[in-house]
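These notes are about the structure you will find just below.
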Amino acid sequence: MFNVTGLLKRLVIGRAMRSEELGETLLPKRLALPIFASDPLSSVAYATQEILLVLTLGGLAYLYFTPWIAFSVVCLMTVVVLSYQQVVRAYPSGGGSYEVASTNLGPSAGLVVAASLMVDYVMTVAVSVASGVDNIISALPNLAEHRVFLALGFVALLTAMNLRGVRESGRAFATPTYLFIGGVLIMVGTGLFRYLMGDAPVAESAAYGIAPEPADANLAGFALLMLVLRAFSSGCTALTGVEAISNGVPAFRKPKAANAAKTMAAMGIIAITMFVGVTTLAVVAKVHIVEDPCRLTGLADCEGYTQRTVIAQLAAAVFGGSDSFGFYFIQAATALILILAANTAYNGFPLLTSILAQHRYLPRQLHNRGDRLAYSNGIIALAVVAGLLLWGYKANVTDLIHLYILGVFTSFTLSQLGMVRHWNRELRDERDVAVRRRHMVTRSINGLGACVTGLVLVIVLATKFTQGAWLAVLAALVLWVMMRGIRHHYDQTAAELAVTDPRAEMAPPPRVIAIVLVSTIHKPTLRALAYARAMRADRLEALTVSVDRESSTALRRQWDEYEIETPLKVIDSPYREITRPVVEYVRGIRRDSPRDIVSVFIPEYVVGHWWENLLHNQSALWLKSRLLFTPGVMVTSVPWQLTSSTRADHPAARAPGAYRRGEPVRDEPVRERAAPKG
């Protein structure tokens, strides 16, 4: 079993790496871009679509707002990218928004940011994978019924790749990312060139009208404003993942902050160019897309119609139909980049949880690096939660998108407010005029970012709360409370374990009372007795629990026959319990002698196969678990390795640290009729 598991682990993850090899995993900018920026780069595949889906609720009447909404999203992205460049330079340690908020606004604000980002990272995986599966189904409609299975399979694949390490995942994901960027730019360039030449591409849905929803027809005033704001908030999905580079600065090669800032600038330029191009092309090609295909007028069979995504319709219109090479290239590249966009979360989430674990807000296991020097526990936790979301929501992008981006704008707003306070503090101490001028400019950028993202946060919350965003808010609140509780536990534990008087703590106890638990006389029992005698305790006794008068009488007779000098104490248990009488007896000794130490020796044997554990009760485990909660009691296991566990070819014999639970043997016959005294 161990050999097979170990072989599979090595095939999936690769060879284990030494801690000294951590420097070899640092990233150049060409690999950092696809690793940390695949999410905002890929969002052009669905950000435009989300804007159109909202506007078409009112039919075709409000599609003229599309360019203005896209322009607003571009302005917002520009401000956010410029703002986060200041974060990268000021806080290069990799904490990103969490560190900025914690340092400048206090720990509670930092935890709000952390909880929001953790929720959003999970949603990034779920939405990106679901959207990628949608694009696969656009090219291969027969796969629609396998949507959930495909999504979970891609999550498993992403998890395996990231467990292999940051650098290897970057190499694997770099080519699809650059192919997607190149493919989209070629598609946009070709489509716009055709438009300028008088041969504008026409989407397959352009011929269909759209019947408005009854509640959204002929909107005016405040109702129309809310529809436009809702479309804007949906389009803001283009900003998801922008902060990931600020969290991943430690993964860059030196100079880390400068390389991270350059990568963020490149990401912003590429993402804005592609988003503007796709949105412009969608308007030119007259793409019509709705949540329910039956709202498309002029469609013969709406029930059997599979609606293609915006990017798929544009590719078909530009490259000459859905059977062209260009169409399949764009669909393949889009599906790959959308699925790989989840990699942004696979890098951001483990880094963030590692920092939180280091600060004692999450379990410390999340700070441990795995065989390939990646934060394996964080990667697995992210995969499990995202997989459950995909399964629960049936990998439906429309349903998942409502839980999305709320956390991003919470972290955006608080981090920019924190940066304003950071620059205010720097300006108080700075006397150089040129430096003060630079600080004032960056403070203005961060202040503008705080105002804009704060406004967007209000819009997103108002337009998406009742559609599912409340669940994201609740999840972030639960995480915030949980992290506060974990920190309280760690602080309380540290306070209890702190040494105030070393001499008093190291003073030996007045006496050590050793108790050897006995169920029958066999080799494990005699080994435990011999070991306890070697400890030279002040008082040594054997203890057995009598659940059967005849068995206990036979045990005492055999004890005397072997002339064992250690006194045997028999406790009657009329209700056939073993654990409770032993625990009560030990606690009674502690009550009578509170300054003494009681050392309990438990003989147990080690089996070689997991199924052998099922053949025996686990009395040793129960005893240890109860005794460990008794102050002043030390529990010592005295193992006896059975032949099956010590064979040279047995995996447990070769696996360091491998251990099979044992127990005091009660059901084996006595095979030795002679034994040494004592």
Side-chain angles (χ1 to χ4, degrees), residues 38-39 42-43 45-47 49-50 53 114-137 143-163 233-234 236-237 239-241 244 291 335 337-350 352-353 362 366 377-411 460-461 464-483:
S38 55
D39 183 19
S42 69
S43 64
Y46 53 81
Q49 178 171 308
E50 292 305 316
L53 280 171
S116 301
L117 281 177
M118 288 166 67
V119 171
D120 216 71
Y121 280 138
V122 172
M123 294 309 307
T124 295
V125 175
V127 171
S128 297
V129 170
S131 185
V133 170
D134 264 2
N135 278 273
I136 292 175
I137 293 172
L143 295 176
E145 61 184 26
H146 304 296
R147 179 189 302 274
V148 177
F149 175 77
L150 287 171
L152 294 178
F154 284 125
V155 169
L157 178 62
L158 285 167
T159 303
M161 289 302 302
N162 279 278
L163 288 173
S233 67
S234 294
C236 287
T237 53
L239 276 76
T240 56
E291 292 184 6
I337 189 63
L338 283 168
I339 291 167
L340 299 183
N343 196 58
T344 298
Y346 271 99
N347 286 279
F349 183 90
L352 177 60
T353 54
L362 286 177
L366 292 170
N377 293 329
I379 291 171
I380 293 171
L382 173 63
V384 169
V385 179
L388 289 173
L389 267 177
L390 285 166
W391 177 74
Y393 282 85
K394 302 188 185 304
N396 188 300
V397 178
T398 304
D399 291 340
L400 288 167
I401 205 77
H402 296 309
L403 283 71
Y404 205 20
I405 77 171
L406 187 66
V408 167
F409 283 99
T410 302
S411 64
V460 171
L461 191 61
K464 288 181 175 287
F465 188 82
T466 57
Q467 296 181 328
W470 65 268
L471 188 58
V473 174
L474 178 62
L477 179 61
V478 170
L479 277 172
W480 186 86
V481 173
M482 182 189 74
M483 288 189 288

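- We find the OG1-OH distance between Thr124 and Tyr346 to be 11.5 Å, quoted to the nearest 0.5 Å.
- The CG atom of Leu239 lies 7.5 Å from the OG atom of Ser43; values are rounded to the nearest 0.5 Å.
- The two residues Thr353 and Gly378 come nearest to each other via the heavy atoms OG1-CA, 4.3 Å.
- Rounded to the nearest 0.5 angstrom, Leu152 CG and Leu388 CG are separated by 9.0 Å.
- When all heavy atoms of Pro350 and Ala345 are compared, the pair lying nearest together is CD-O, 3.5 Å.
- Here Ile379 contributes atom CD1 and Leu366 contributes atom CG; the two are 11.0 Å apart, rounded to the nearest 0.5 Å.
- A 4.5 Å side-chain heavy-atom check between Leu382 and Met118 finds every atom pair outside the cut-off.
- Across Ala151 and Leu390, no two heavy atoms sit closer than the pair CB-CD1, 4.1 Å.
- The minimum heavy-atom distance between Ala383 and Val155, with the atom names listed, is O-CG1, 3.9 Å.
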Check the pair Val125 / Leu389 against side-chain contact (heavy atoms from CB on, under 4.5 Å), numbers first and verdict last.
CA-CA 10 Å; Val125 175; Leu389 267 177; over 6 Å; no
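- Of all heavy-atom pairs between Met483 and Ala114, the closest is CE-CB, 4.3 Å.
- For the atom pair CG of Leu362 and CG of Asn377, the computed distance is 11.5 Å after rounding to the nearest 0.5 Å.
- Take Ile380 and apply the side chain to side chain contact (heavy atoms under 4.5 Å, CB included) test, not counting sequence neighbours, and it matches Leu163, Val384.
- Atom CZ of residue Phe154 and atom OG of residue Ser128 lie 13.0 Å apart, to the nearest 0.5 angstrom.
- The nearest pair of heavy atoms linking Thr410 to Ser116 is CG2-OG, 3.4 Å.
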